[in-house]
Structure formats: C-alpha cells, structure tokens
Amino acid sequence: MTLARRRTAAIAFAAGVAAAAPGAHAGLFIGKDLWMVMAYGTSDMRMAEAMYGITPRLSAGVGWTELRGTHAGRLGRVTDIGYLQANLLLHRIHAPDSVANVYAFGGAGASRGNFFGGTEATWHGGLQADWESRRWYVNGNVHWWRSDAFSYRIDSLTLGWAPYAADYEDWAAWLLLKGERRDPLMSGTEVTPALRLFRKAWWFEIGRSNRGSWMFNVMHVF
Amino acid sequence: MFKRSIAAALVALGVVSPVWADPTKTARIGVDGMVCAFCAQGIEKKLKARAEVERIFVSLENRIVAVGFRSGRGLSDAELGRMIVDSGYKVTEIARVDASVDQIRASVQRR
C-alpha cells in the first residue's frame, strides 16, 4: 500500500471508529445531566470523546482523534481531527424487554494532517438505528465526513449476543461481530469479532479484526 | 408550568399515584426499556443526587426501580417519574409500598 493510500485509509478508519465506537451503543444514550467519556484505540489511531446529556433527547460534546501510521519508516501521527458534536434522539420505542432508537448526529471541527497543509475545516454527520434486548443487539450506522482534503462515507453493522442476561449489578458479557465498509477508501468489508464487558458505569471492549488490527474501547458515565 | 403539565399528564394516564399517595413511603417503579445496566446508570445517578433518597434497588429482570427515603422525607410520584423519563426510560407505574428496599430486593431475588 502506498503512503497516500495508507494515510487516506487511516483517516477513513478513524472516521469509521468515530461513527461506530462512541455511537454504537451507549455513547448516544446519555441521560439528562450525565457525562460520558470514552477512549478508543487501535494500532492506527487514538481517540477520546466527552459528551453531556443536555436533555433526554439531546447530547453534545467534544471529540479528538489522532490517526497513526507509518511515515518515512517511522510509526507516528498521520492526522488529527478535533470536533464538536451534537446527538439527537429522533425516535425511541420502549418495549418491556427491549428498546429501539433512531439518532441523528453531526458536528464540525478542524483537521490537521501530513498529506495536506495547514488546518482544514471539517464537518461530519450521520444516522444510527439500534435495537437491543438483554441478550441480542443490532446496530446500523452511516456516517459522512467532509473537508476540502477528504470525503468519506462509512457504513457499519454490529450484531451482539450475550450468553446470559446480566442484571443491574452483574458483569455483563457480550460477543460482538462488527462489519464495516469505508467508501471509497477501502475495498471489501473489515470484520471485527470483539468481547464487550460492562458493569455499572464502566464499559470495556476488545477485539481483533480480520485485517489484524487490535481494538480496545473504554467508556465511563458519571 | 411545564413540570406541572408533565405531572398532571402522568396522573391522568394512571402512571403515577394521585397527590394523596404518601411520598415518604418506598416507591416501587415499573420501567420499560431498561435492558442495559450501563445505559441505566442515569437513573441511579439522578436518584442518588437527591438528599431525600436513602436506598435504591434496580432490577433489569423485574423491570423495577425501588427507592427508599430517609426518615420523614420523600419525593412525589411526579418527581420520581420525571427523573426516570429524563434518564431515557418509560414509567409504567409507581406504587407506594410498605416494604423496604431491602425487602423488595430479597423478594425478587427469591423468585
């Protein structure tokens, strides 16, 4: 892979993670007056976000992503994006044993990178729909990123299954399978099996994709 | 005005008890959509932030939140309902019971 393709692929990957990691589950489900902070990392990137629940339907916050890759034979930063983001719950269906949500999210920020000069204004936005019970989980997400230097669309689908129905004070364990496509920068679909564990206000995920990239994710609400 | 409208609507829908319900008695709240402990943290955080609240028990299996109060203190059904709704959930009923939170916990865990 050429350096330019590495860089663009890294940016696309980060955009995909930004769409999927914080938004895939609890990141958008923030109660009023609560904070959610998260950190996400793979061999290609580092990411941190903080979101605050303004109303039961609206949350907003800040995010920062550093993309890493090999440049001139050395592993280092490729680009980073700082952004503001708002998340709006469009619709929620409460059933006794499940919940379904449709969200819109978006925001603006600035990008710096090794393959373009200066700082680029960047905006992003997308839609997410999810449904979950105590044993099953499905999430679909589409996310667009735009600047004068890059333009990407990332689609992801995540399926989850819990081997047991954890209660409120238990450790919950989930097995996940996530597929992701990053148009037009990556051919095919990256598939990441992962393990999700959470208890009370702490959330952990670890996985390894079919492309050999390790993934971790930590979230906390307070 | 908005808060009073929410309270009136909850009473009219039969979700909460009328105004004569004793706000100092243990509240046993039925909640729909509570499937994930991480997502439900907001309920506990909101309730614990209130000085009136002494003990809380959340059961995803039984779809209930039980709230016990300090002696002589309490919260109205409308306030409790609003806190659950602000946390992103749907209240199906609020019952005032004589049992303590620990007794409710023990009874549902025996099932």
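A, B, ... follow the sequence lines: proteins, then strands. Residue 1 opens every chain. In this text the structure is predicted, and so the values were computed from the model without any measurement.
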Where along residues 44-57 of chain B does a heavy atom come under 4.5 Å of chain A, listed by residue number? B/E44, B/K45, B/K46
In terms of the angle between their ring planes, are A/W145 and A/Y83 parallel, tilted or perpendicular, with boundaries placed at 30° and 60°? perpendicular
Does one side chain, of A/S111 or A/T122, offer a donor that lies under 3.5 Å from an acceptor on the other? yes
One thing to verify: whether A/R199 and A/D170 come together as a salt bridge, which I'm taking to mean a side-chain N less than 4.0 angstrom from a carboxylate O. no
Need one label for A/A95: side chain, backbone, both or neither, based on atoms under 4.5 Å from any heavy atom in chain B. backbone
Between A/S59 and A/N87, does any side-chain donor sit less than 3.5 Å from a side-chain acceptor? yes
Ring-plane angle category for A/W202 and A/H220, please: parallel below 30°, perpendicular beyond 60°, tilted otherwise. parallel
Once the angle between the rings of A/W174 and A/Y137 is folded into 0 to 90°, is it parallel (under 30°), tilted (30 to 60°) or perpendicular (over 60°)? perpendicular
Using non-hydrogen atoms and a 4.5 Å limit, figure out which bit of A/A100 sits close to chain B: side chain, backbone, both or neither. neither
Answer with yes or no after comparing the ring centroid distance for A/H143 and A/F105 against a 6.0 Å cut-off, counting only values under it. yes
